[in-house]
Undergrad: 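Handing you this structure, nothing more for now.
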Amino acid sequence: MAHEWQGAPGATGYSSYPEVYSESHYRAPTIAQATDGGLPEVIHPTPKWSEKVLGRFSTRRCLISVLSITIFLLFAATVGLAAGVGVLSRKANTAESRTAALLSNDTDIDRGCSSNPESATGTFYTSQAFGSPSFKILCNTDIGISPVQSLFVSNFDDCIDACASYSFYTAGNFPGSSPSDNNLTCNAVSFITQWTNRSVALSNNAPGNCYLKPGPLANASLSGGEVHIALLQS
């Protein structure tokens, strides 16, 4: 005998789906009957406006994320560049401070020509290389000969060694040159203590603090000034 469902006690029965599952909120795909005897065709409903809005929102969020990352990378690069410039600036200031400290003790720079020129004048310096040439020191004196080379060095001794090196190597690099070509040898140097500070030298359009000068020295004129010279001894 067949029984009919009468519902639970007190139940009034369900004439439709709850609202959350109603057609106005959800549209399931429909299946169309195949007309050629094949498999039925599934027809998907057109996306509703809420789905389109969600898709656009996701795209915008992606773009915002990309822009945020780009801005962060640019900010990090700017901070790194600023830090690098700061390091270079501190190094430059440190170098200037060290130079100033050396200049305060001229004995280490110019063999005492600035602090005690009377005692330093007439002394000799012998290079430890390049054939060990000897040079005579004259403080507060310059020699009127155009230089063959100018350079920046740390002190008077280095300037004299540069002169000895110039003569040692340059003549050998030009074996067919005339013996009378004085520009192949260095016979004297002019050293300016204050221009050991590169900033001070460049502010005076000076290309160095050490000037290598050729011979002959016999007829060269000497003059005073804040210049110290060393003359090659034959």
Side-chain angles (χ1 to χ4, degrees), residues 84-173 182-215 217 220-234:
V85 172
V87 170
L88 292 177
S89 177
R90 286 194 296 272
K91 287 184 177 180
N93 292 334
T94 300
E96 292 291 341
S97 299
R98 290 177 178 174
T99 300
L102 289 173
L103 290 175
S104 65
N105 186 2
D106 293 328
T107 302
D108 296 332
I109 295 291
D110 56 19
R111 302 189 65 80
C113 275
S114 294
S115 59
N116 194 358
E118 293 80 8
S119 298
T121 295
T123 59
F124 294 87
Y125 174 81
T126 300
S127 179
Q128 301 302 305
F130 317 115
S132 302
S134 181
F135 294 79
K136 185 178 181 178
I137 307 299
L138 297 177
C139 302
N140 298 324
T141 305
D142 197 10
I143 185 168
I145 299 177
S146 297
V148 293
Q149 186 176 355
S150 64
L151 62 157
F152 283 101
V153 295
S154 298
N155 51 56
F156 201 0
D157 291 0
D158 288 347
C159 183
I160 299 172
D161 285 338
C163 179
S165 173
Y166 182 92
S167 297
F168 187 83
Y169 288 109
T170 305
N173 290 333
N182 294 318
N183 288 329
L184 297 180
T185 59
C186 176
N187 292 299
V189 301
S190 293
F191 179 77
I192 299 90
T193 303
Q194 294 302 318
W195 289 354
T196 303
N197 186 321
R198 187 181 294 260
S199 298
V200 174
L202 295 178
S203 67
N204 287 276
N205 297 319
N209 63 340
C210 172
Y211 296 83
L212 311 184
K213 300 187 174 183
L217 303 178
S221 61
L222 301 178
S223 60
E226 297 181 359
V227 183
H228 317 304
I229 64 174
L231 305 177
L232 177 66
Q233 301 302 290
S234 56

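Index from 1, following the sequence.
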Undergrad: Can any side-chain N or O of Thr123 pair as donor or acceptor with the backbone N or O of Ala120 at less than 3.5 Å?
TA: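 A pair under 3.5 Å: yes.
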
Undergrad: Mind checking the CG-CD1 spacing from Leu217 to Ile143? Nearest 0.5 Å is all I need.
TA: 4.5 Å

Undergrad: Would you confirm whether Ser203, through its side chain, and Val200, through its main-chain N or O, come within 3.5 Å as a donor-acceptor pair?
TA: yes

Undergrad: Would you compute the distance between atom SG of Cys159 and atom CG of Asp110 and round it to the nearest 0.5 angstrom?
TA: 11.5 Å

Undergrad: If you define the side chain from C-beta out and look only at heavy atoms, does anything of Leu222 sit under 4.5 Å from Ile229?
TA: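 Yes, at least one pair of side-chain atoms sits under 4.5 Å.
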
Undergrad: Can you name the nearest heavy-atom pair linking Cys113 to Asn140, along with the distance?
TA: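 Here Cys113 and Asn140 meet closest at O-ND2, 4.3 Å.
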
Undergrad: Hey, are the side chains of Val227 and Tyr211 touching, using non-hydrogen atoms and a 4.5 Å cut-off?
TA: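 No. Closest side-chain heavy atoms not under 4.5 Å.
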
Undergrad: Should His228 and Ser114 count as side-chain neighbours, where that means a heavy-atom distance under 4.5 Å?
TA: yes

Undergrad: Enter the distance from Asp161:CG to Gln128:CD here, rounded to the nearest 0.5 Å.
TA: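 Asp161 CG to Gln128 CD: 8.0 Å, rounded to 0.5 Å.
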
Undergrad: Under the side-chain contact (heavy atoms from CB on, under 4.5 Å) rule, what do Asp158 and Cys210 come out as? Steps first, then yes or no, please.
TA: CA-CA 9 Å; Asp158 288 347; Cys210 172; over 6 Å; no

Undergrad: Is there side-chain contact between Val153 and Asn209, with at least one heavy-atom pair below 4.5 Å?
TA: yes

Undergrad: Is there a side-chain contact between Leu212 and Pro147, using heavy atoms and a 4.5 Å cut-off?
TA: no

Undergrad: Between Phe130 and Tyr166, is any pair of side-chain heavy atoms under 4.5 Å apart?
TA: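 In short, these two side chains do not touch, never coming nearer than 4.5 Å.
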
Undergrad: About how many Å separate CG of Asn116 and SG of Cys139, when rounded to the nearest 0.5 Å?
TA: 8.5 Å

Undergrad: What's the shortest heavy-atom distance between Thr196 and Ser154, and which atoms?
TA: CG2-O, 3.7 Å

Undergrad: If you compare all heavy atoms of Ala206 against all heavy atoms of Phe152, which two are closest, and at what distance to 0.1 Å?
TA: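 Nearest pair, atom of Ala206 first, then Phe152: O-CZ, 3.9 Å.
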
Undergrad: Please find the pair of heavy atoms, one from Asn204 and one from Trp195, that lie closest to each other, and give the distance.
TA: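 Closest heavy-atom pair between Asn204 and Trp195: ND2-NE1, 3.8 Å.
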
Undergrad: Could you tell me whether the side chain of Asn182 reaches within less than 4.5 Å of the side chain of Val148, counting heavy atoms only?
TA: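 No, side chains not in contact.
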
Undergrad: I need the minimum non-hydrogen distance between Pro133 and Ala164, along with the two atoms involved.
TA: CG-CB, 3.6 Å

Undergrad: Taking the side chain as every heavy atom from C-beta outward, state whether Ser127 and Ile160 have any pair of such atoms under 4.5 Å apart.
TA: no

Undergrad: Nearest 0.5 angstrom please: Ile137 CD1 to Ser119 OG, how far?
TA: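 Nearest 0.5 Å value for the CD1-OG distance: 13.5 Å.
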
Undergrad: Give the minimum heavy-atom separation between Ser134 and Thr126, together with the two atoms involved.
TA: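 Distance-wise, the nearest heavy atoms are OG-OG1, 3.7 Å.
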
Undergrad: Measure from the side-chain N and O atoms of Ser167 to the backbone N and O of Cys186, and report whether any donor-acceptor pair falls under 3.5 Å.
TA: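 Present.
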
Undergrad: In Å and rounded to the nearest 0.5 Å, what is the CG to NZ distance from Leu232 to Lys213?
TA: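 It is 15.0 Å, given to the nearest 0.5 Å.
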
Undergrad: Is the ring pair Phe156/Phe191 parallel, tilted or perpendicular, if the boundaries are 30 and 60 degrees?
TA: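 Phe156 and Phe191: parallel rings.
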
Undergrad: More than 12 heavy atoms of other residues, nucleotides or ligands under 6.0 Å from CD of Glu226: is that the case?
TA: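 Not more than 12 within 6.0 Å, no.
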
Undergrad: Does a donor on one side chain sit under 3.5 Å from an acceptor on the other, for Asp142 and Ser223?
TA: no

